[in-house]
Amino acid sequence: MRRPQLLAAAGLALALAATSACSDSDDGGGSGANGNFASGGTFTFAVAGDPGTLNPLNNTATTANWLFRFLYQPLVVREEDGSVGPGLATKWDFDGTKAVFTIDPNATCSDGSKITPSVIAKNFAWVKEPKNTSTVIGATLPNRDFTFAADDAAGTFTLTLNGPFSNLLPSLSFMHQACGAGADNPAGLTTSSSGSGPFVLKTATPNSEYVMTKRDGFPGNDAAGVPDQVVMKIVDSESTAANLLLSGAINAAVVNGQDRARLTAAGATEKTYTSGGVVVSFNHREGRITADKAVRVALTQALDRGPVAKVVTQGLLPEAGTSVSAAQPQICDDSSAAAAIPSFDTAAAEATLTADGWTKGGDGVLTKGGKQLTFQLGYSTATPGAAAAAELMADAFGKIGAKATISPFAQADYTQRVFSTGDYDVMLQQFSNPFPSTLIGLLAGPFPPDGTNAGHVANKTYADAVAAARTATTQEAACQNWTAASKALFEEADMIPIASWPTNWVVKNAVMETLGGRPIAESVRLLQPK
Amino acid sequence: MSGGLVVRGLTVRYGGRTVVDGVDLDVVDGRVLGLVGESGSGKSTIARAVLGLAPVHAGAITVGGQEVRRLSARERARRVQMVFQDPFGSLNPRMSVGGIIREGLEALGDLPARERAAEVTRLLELVSLSPDLAQRLPRRLSGGQRQRVAIARALAARPGVLIADEITSALDVSVQAQVLNVLRGILAAERFSMLFISHNLAVVRYISDDIAVMRDGVIVETGPVDEVLAAPRHPYTRELLDAIPQLHPTA
Amino acid sequence: MRRQLRTVFSTVTGSVAAVLLLLLVLLAIFGPIIWSGKANAIDVAKAWQPPSGEHWFGTDELGRDMFARSLVATRLSLLSAVAASGIAIVVGVPVGLLAAMFGPRLTSAFQSVVNVSIAFPALLTAMFVGTVIGIGVPGAILGVGIAMAPMFARLTQTLTASVISLDYVAAARTMGVPLRRLVGRHVLANVAEPLVITATTSVGTSLLGISALSFLGLGARPPQYDWGGLLSTGLKAIYTSPMAAIGPGTLIALSGIVFSLLGEVIAGAFGDNQSNRRFGRVARAMAAAARRLSAKPASPSDALLDVANLRVGFPSENGELPAVRGVSLRVAAGERVGIVGESGSGKSVSVMAIAQLVEHPAVVTADRLRFLGTELSTMAPAARRRFLGTNLAMVFQNPMSSLNPAMRIGTQLAEVAQVHSGLSASDARTRAADRLAEVGIADAGHRLRQYPHEFSGGMRQRAMIAMGLMETPRLIIADEPTTALDVTVQRQILDLLLAINRDAGAAILLISHDISVIANVCERVVVMYAGVVVEDLPVASLLRAAAHPYTRALIASVPDMTTDRDADLATIPGRPPALDDLPTGCPFASRCAFATDECVAQMPPLAPMADGHLAACWHPQGGAL
Amino acid sequence: MTTSTAEVGKRPASAGRRVRPTEGRKTPGWVRGLAWKLLRLVISIWAVLTLTFLMIQFIPGDPVRLALGPDAPASLVEERRQQLGLDQPLIVQYFDYWGRMLTGDFGDSLLTQQPVSLLVEARIGNTATIVALSLVATSVVAILGGLLVGIATHRGRRPTLRTGFTLATGIAAALPDFLVAVGLVFLFAVTFTIFPVAGAAGADSFVLPTLAITLGSAATMMRVVRSSTAVVLDQDYLLVARAKRLPATRVYLRHGLPNLLTAALTLGGLQLGTVVTGTIVVENVFAIPGLGTALVQALITRDYPVVQTIMVLLAGTVLILNLLIDVALGALDPRSKRQRS
């Protein structure tokens with residue numbers, strides 16, 4: 001039942017192979033496509049950081065997800081159009097709170113054991129146990145208040161939530177199911193894997209590389225070009241990854257920056273996915289200069305978001321952002337809300353501030369009531385392109401008489417400020433948020449220490465729309481409310497989208513399909529090196 | 001200024017090593033005491049101890065009846081001065097000859113400023129150097145000239161006791177003669193006593209009235225030069241005498 | 001110092017460094033004034049452009065001109081570097097000074113601390129300080145400054161320690177010179193030169209250090225930028241627009257080189273000056289290559305050593321300095337000949353040339369240089385090595401430095417026999433033990449296993465002589481063998497040489513400045529003055545018939561145990577002529593009481609006197625001294 | 001003062017008959033020397049550990065809050081502080097810190113919450129390889145090159161070579177290692193794909209990093225070796241060796257080299273410290289998962305336990321290296337065995 005996706009991937013691979021075959025003059029004829037696949041061999045892709053723990057039920061980090069995608073399967077997968085497709089479940093039925101999955105009777109684990117509904121149940125049982133503090137809670141499932149039942153005879157697994165959650169199925173695509181011995185003790189998976197994916201973990205060298213071998217007998221694994229081994233290698237620097245790609249030492253890597261040009265020139269293929277968004281958020285806390293709506297609006301008006309988007313995405317997605325959660329495949333298209341963003345107009349920005357009582361001082365900085373319009377413009381040093389974008393923004397703010405002090409924050413410091421202490425004025429933030437709901441805690445709800453609304457945002461329209469969206473039973477109704485929520489944010493200039501966040505996969509001498517920036521394990525094919 | 005140097009029971013130790021061991025010395029007022037001994041015997045250490053440049057472990061050092069260690073640096077400078085062995089190391093390469101001599105006069109502050117130039121000239125003439133040399137830097141002088149500048153500097157303080165520590169051993173023999181002659185001339189002209197240290201018995205004999213023979217930190221024999229050299233009592237003194245290579249056949 | 005600097009900057013390297021430094025300073029002053037506008041002009045549409053006529057180094061991610069930014073960054077980069085060096089000096093120099101001035105105990109405690117901290121990697125120290133202060137320019141400056149401070153502390157301490165041990169400081173102290181003046185006038189003034197040199201190079205070091213920190217993201221942060229920061233920006237595009245990285249990289253490298261060059265140039269100025277000073281006492285230490293001995297047909301001679309018209313010159317800025325000017329010398333088998341002369345007379349250089357030990361850049365020529373009937377200059381090097389190795393032995397002045405401190409005495413002796421006689425190691429050791437015993441060293445077998453530092457001075461000189469006796473030398477050249485020794489030990493060594501001459505029949509060529517030493521050992525004495533032999537006479541005739549006024553003055557000026565204590569010693573007025581200003585006539589003429597116009601005009605030849613001995617004088621004197 | 005002590009030192013010189021049987025005094029001076037050196041090492045390591053301990057105290061902010069993340073309730077933070085003993089008086093924490101460090105417990109990373117020892121374990125191999133290779137390469141290149149050039153240019157011979165050497169080593173020493181590293185990547189890995197550009201995959205991936213560190217440090221040390229060669233060649237005992245008519249190789253290698261090494265190690269030994277830290281920069285350029293990359297990452301992310309641990313490790317390496325040099329110096333120079341006492 002994975003077949004549709006697999007076939008699609010294989011088909012695309014064939015198409016690509018054919019294209020390259022055409023450019024290959026010494027190869028001709030119909031057999032060329034197969035002839036261009038390498039037989040066996042190792043496919044290596046680079047990631048920037050170590051995935052961390054190898055327990056699939058306790059690691060939802062991006063890189064970990066990429067690795068798990070090769071070793072495990074989720075119940076359902078997402079297709080490129082945003083729809084839900086079959087994973088371990090061949091059939092599913094979801095009414096907003098209760099989901100019934102029919103488990104693929106042919107699915108087997110890497111240790112040869114069968115995958116029955118009770119195996120799936122072990123996974124959910126582990127996740128539900130509070131002492132395991134599974135990260136699946138929060139990231140995939142809204143809370144621990146769910147029940148489940150496995151019926152091995154019928155081959156069904158039933159999950160019941162305590163309230164409506166419209167995003168359940170797409171969310172479950174991020175939950176990789178352990179099987180065999182691993183399902184009994186997922187925390188024991190420190191150097192091995194125990195899953196139903198097309199590959200099995202052979203060696204794990206933290207901070208260096210993870211080597212996986214092909215699982216014989218996995219459907220589609222006998223196709224031409226499927227590598228014997230897949231290696232995930234940790235390469236901190238993008239330039240280095242690019243060098244490795246050029247030298248042929250690796251086959252795929254995420255390269256967003258300047259090195260793309262020489263890679264494509266060398267015959268590598270690239271594909272850009274939107275995996276999140278870059279936003280600027282304003283602190284509403286009393287006493288902060290940005291608590292003043294006029295200031296927030298004026299600063300927004302001062303920004304030409306297009307160039308900032310170009311800089312912060314290093315030229316990959318140069319269009320101004322329209323959504324705070326733009327990850328592909330998008331669950332809701334809320335781009336219509338973007339019309340509510342105060343548009344770029346320096347004169348209007350100045351007028352807004354003049355109307356609010358700000359006057360220009362001798363040094364060109366606006367003042368009101370003896371207070372200068374100066375503020376911190378922060379960003380995380382972990383976000384590439386942010387430093388340059390901050391410089392550009394400070395320059396733009398300067399043009400309307402607002403003085404921004406650029407403040408780079410180390411990631412930990414940044415996290416603490418954004419989520420906890422709220423010690424910032426204007427913050428450039430980058431999220432890899434597949435769902436709009438990710439940001440709720442920041443923009444609504446209790447202030448720290450009881451919550452994470454560190455910026456003290458109190459936008460009732462937004463909060464109400466979000467609540468309506470979360471409990472909506474249909475995707476359509478949910479999306480309408482999400483759009484309304486976004487609109488409310490933009491009108492108040494609480495958080496303004498700057499850009500979509502790209503993940504740009506560059507692949508050389510191989511084929512690898514990705515979804516939302518995540519590699520599709522079954523799509524990997526090695527080509528004969530040119 | 002007058003008053004001889006009296007050393008009693010002087011012991012100097014470096015770390016655990018006793019370099020000078022209970023030495024008694026008398027540099028009688030107006031006379032020259034020659035201190036002779038081989039390298040390492042402790043001669044120079046005595047000189048340095050007198051000047052406060054070496055740690056005194058025990059004993060007394062008096063000049064004109066005053067314990068030198070209780071004197072201020074300036075008071076001590078007025079009573080004891082020293083000329084060092086190495087004419088290349090004992091003059092600051094960055095100061096002119098005049099400056100070097102004047103510095104002593106300034107430090108003591110006995111002379112009004114306007115008389116200092118005349119005094120520098122007098123001192124240079126005293127050591128048979130042309131006053132024109134006052135402007136020069138030491139590196140433009142020969143070894144003998146430098147050593148004479150060093151003597152002039154020491155005499156600037158008009159000390160009661162002058163210590164000359166191997167002042168000719170770094171010089172060529174013909175230059176040595178010049179320096180020795182100058183020293184003898186000054187001894188005749190000015191009234192002071194001198195502790196003359198050398199490993200060269202012939203030179204010590206030539207310049208000294210009394211002699212002390214030192215070995216391993218101990219004075220083995222002392223007395224008027226003529227007596228000691230004519231009839232040495234200590235076997236080491238005899239050994240030293242025998243070892244001297246003779247040009248003239250001994251009488 | 002000013003004059004030295006001026007001469008230094010007139011050299012090519014010096015002027016290049018000076019011009020580059022000036023350029024950097026001008027850039028630092030005027031760069032931000034002129035190019036700030038261009039450097040900060042944002043144009044996102046022009047991001048990451050490759051180098052062009054408009055943008056020489058291309059543009060950065062905001063389309064700003066990297067060339068202008070590199071120029072503007074000069075100020076921050078240089079100021080940071082200078083500030084860091086300043087901190088290092090302000091912290092390090094006083095600490096070093098204090099440690100050196102106040103007692104050995106403090107000094108040794110200080111040395112332990114500094115030795116550890118100096119060995120501690122500067123980058124780590126800088127990172128540590130930067131972490132505590134916080135990442136940014138001040139942190140980087142302070143970090144690098146503190147990291148370099150121990151270096152300055154130690155340098156100051158060592159320099160000060162060496163200066164305050166000098167006699168002029170002791171002299172100043174005995175003069176009652178106040179401490180402040182003592183430190184300023186006598187200590188600091190004399191340690192300033194090397195400190196200035198180190199300070200100069202340290203600016204370059206700081207620049208690299210701060211750049212490295214900025215490069216790693218631990219230094220300047222936007223909107224501030226220094227070269228290191230620009231480099232790491234440019235590095236993002238090194239493969240597409242390499243100039244963006246190469247530009248600032250070159251500036252970093254160039255500045256680093258300028259400052260190290262500058263330090264080197266200044267050091268070179270002072271260093272040359274020092275070596276010039278040393279040039280006065282070149283003699284024995286002078287060495288070197290290029291022998292072009294003009295071999296002329298040798299007159300048959302039964303002399304053991306037969307040297308004719310030996311000349312040695314040292315090239316210098318003022319042309320070749322003739323240290324030896326036509327020395328002729330014969331030594332018969334078993335004869336004891338002494339060469340006497342004051343420093344600079346050329347006696348040591350002559351024997352070194354005879355022994356084929358003069359090295360580049362000295363130039364040696366001789367009409368005849370025969371030893372044991374063989375012309376040395378035409379021999380093949382390997383054969384000559386063996387020939388001299390077995391037949392000629394040498395003993396040098398300083399037994400303390402003549403033995404290799406890192407080798408056992410036994411090895412140093414035995415290797416001679418192993419190399420020249422092909423003896424086995426054990427045979428060579430047996431012979432070495434015999435020879436040590438022969439020169440009067442007791443317990444020779446045990447002594448062989450010791451290192452030179454375990455020997456006393458007299459024993460080392462004995463060991464040196466024993467080393468010369470490992471083969472059967474026909475001639476022993478002893479160059480001031482007792483000058484460094486005490487008079488009682490001198491006696492023993494001279495007696496030993498006499499005994500070897502008597503028992504083994506080896507001829508002895510003894511060099512000394514002390515005519516009485518030679519008189520005690522030798523049969524014949526050769527007197528040298530200003531590179532020439534002025535008199536050559538039997539020792540027995542010295543007091544009776546010395547003819548040359550110089551020889552006579554030399555004898556008269558040395559007091560001995562019979563000298564009249566009430567009369568002045570004879571002196572020789574004036575100084576010997578400088579090698580670069582030798583008179584055409586008799587070199588002694590200007591100091592000689594008997595000199596006439598003839599003496600000034602013409603060099604007297606070495607000619608036989610009435611009693612047959614040789615002297616080079618137009619007005620030889622007679623009579624006993 | 002110094003003159004007198006020097007005189008004292010020369011004391012046995014007076015005569016053969018008064019020579020002390022130095023061998024009789026069996027208190028092995030070098031044992032005491034070594035003990036003293038070890039003591040110094042211990043004190044140095046104590047100082048480094050104390051400083052890194054204090055580092056955390058100096059730094060503003062609460063490490064526990066950083067570790068637990070912004071969501072953690074205050075009660076949990078307090079609980080964790082108690083667990084870690086951070087509520088204890090400083091002196092108690094200090095001894096506790098010692099106890100942990102000595103048992104190899106370096107604490108947990110604030111960022112990954114994993115024990116720092118795991119991170120160190122995974123990365124120390126690469127760093128050790130680079131450091132060891134660079135040390136060997138630097139020493140070999142510097143000693144051989146400096147010795148040969150020193151002999152060839154002794155006393156003003158071959159002035160062109162001398163100038164070229166001074167210029168080349170001057171430039172190489174002034175080039176920062178990060179520039180060299182980038183240049184090497186560009187040249188050998190990208191333009192000519194001879195060596196791998198990054199990572200620590202095989203033996204050949206260590207070639208360029210080693211080269212990048214070696215170039216500068218070898219140049220600096222080579223200068224030291226050359227000038228020490230010049231000094232050693234001017235020593236009397238080398239003249240004596242020539243006067244003994246020994247073959248040139250024996251003169252230079254047997255008589256020159258050991259003394260030369262002493263001089264070179266004394267001065268150049270310090271250079272080896274920079275070799276160790278060179279790895280920090282170079283690992284970053286070549287993206288080698290080693291302690292250097294981890295240190296820089298940890299500095300930027302303020303992961304103090306990691307910073308602490310790596311600093312202690314690198315500093316310890318340098319200190320131990322210096323001890324080894326000291327010991328080697330003692331072995332090379334028999335005099336030091338006595339003088340140390």
Side-chain angles (χ1 to χ4, degrees), chain C residues 112 116 118-121 123-124 127-128 131-132 165 204 208 211-212 215-218 235 238-239 245 249 252-253 256-257 260-261 264 285 287-289 355 357 359-361 385-386 388-389 394 396 398 401-406 415-416 419 440 451 453-454 456-459 467 486 488-489, chain D residues 1-2 10 12-16 19 22 40 44 51 55 58-59 155-157 170-171 173-176 178-179 182 186 190 234-237 239-247 250 255 258-259 270 273-274 276-277 280-281 284 296 299-300 307 311 314-315 318-319 322 332-335 338:
Chain C
S112 300
V116 170
I118 214 167
F120 198 78
L123 188 63
L124 271 191
M127 282 179 162
F128 181 87
T131 311
V132 174
S165 74
L208 298 188
S211 298
F215 174 78
L216 291 173
L218 306 172
L235 209 57
I238 178 122
Y239 301 102
I252 294 172
I257 293 167
S260 79
L261 206 64
E264 203 144 289
L357 289 172
E359 272 186 298
H360 178 93
R385 201 160 53 70
R386 197 185 161 75
L388 292 178
M394 297 205 63
F396 296 97
N398 192 347
S401 59
S402 291
L403 288 164
N404 191 330
E415 67 178 351
V416 177
V419 166
Y451 284 99
H453 71 260
E454 296 167 275
S456 69
M459 281 170 68
M467 197 150 76
D486 281 323
T488 48
V489 185
Chain D
M1 211 169 352
T2 341
K10 275 191 278 178
S14 14
V19 167
T22 34
R40 205 170 71 175
S44 311
L51 279 174
M55 178 173 79
F58 288 147
I59 286 161
R155 288 188 202 259
R157 265 175 258 177
I171 290 173
L175 279 179
F178 54 89
L179 272 188
V182 170
F186 192 67
V190 177
D234 276 343
Q235 296 298 308
D236 287 344
Y237 54 79
L239 176 67
V240 171
R242 290 198 300 121
K244 283 152 84 177
R245 316 290 160 182
L246 301 175
R250 193 173 173 92
H255 286 261
N259 295 294
L270 300 174
T274 61
V276 175
T277 44
I280 298 174
V281 172
N284 275 282
V296 171
L299 276 170
I300 289 174
V307 173
M311 278 199 169
L314 290 181
V318 172
L319 293 172
N322 275 295
L332 279 169
D333 186 354
R335 283 169 299 183
R338 194 182 60 161

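Only heavy atoms go into these numbers, but all of them, side chains included; no hydrogens, no water, no symmetry mates. Note that the structure is predicted; figures quoted are calculated from it, not measured.
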Below 4.5 Å from any heavy atom of chain D, which atoms of C/L403 appear? Answer side chain, backbone, both or neither. backbone
Between C/M467 and chain D, with a heavy-atom cut-off of 4.5 Å, which part of the residue counts as in contact: side chain, backbone, both or neither? side chain
Residue selection (most heavy-atom pairs with chain D, distance under 4.5 Å) from C/V419, C/L124, C/L123: C/L124
Max heavy-atom pairs within cutoff under 4.5 Å with chain D, candidates C/S260, C/A245, C/G256, C/A212, goes to C/A212
Are more than 12 heavy atoms from other residues, nucleotides or ligands located less than 6.0 Å from atom CZ of C/R386? no
Taking all heavy atoms of D/A243 and all of C/L357, pick out the closest pair and write down the distance. CB-CD1, 3.6 Å
Rounded to the nearest 0.5 Å, what separates atom CD1 in D/I280 from atom CE in C/M127? 4.5 Å
C/N404: what forms a side-chain hydrogen bond (donor to acceptor under 3.5 Å, both in side chains) with it, not counting sequence neighbours? D/H255, D/N259
All side-chain contact (heavy atoms from CB on, under 4.5 Å) counterparts of C/A253, not counting sequence neighbours: D/L175, D/L179
Note: vs chain C, highest number of non-hydrogen pairs under 4.5 angstrom among D/A315, D/A173, D/G170, D/P258 is D/A315
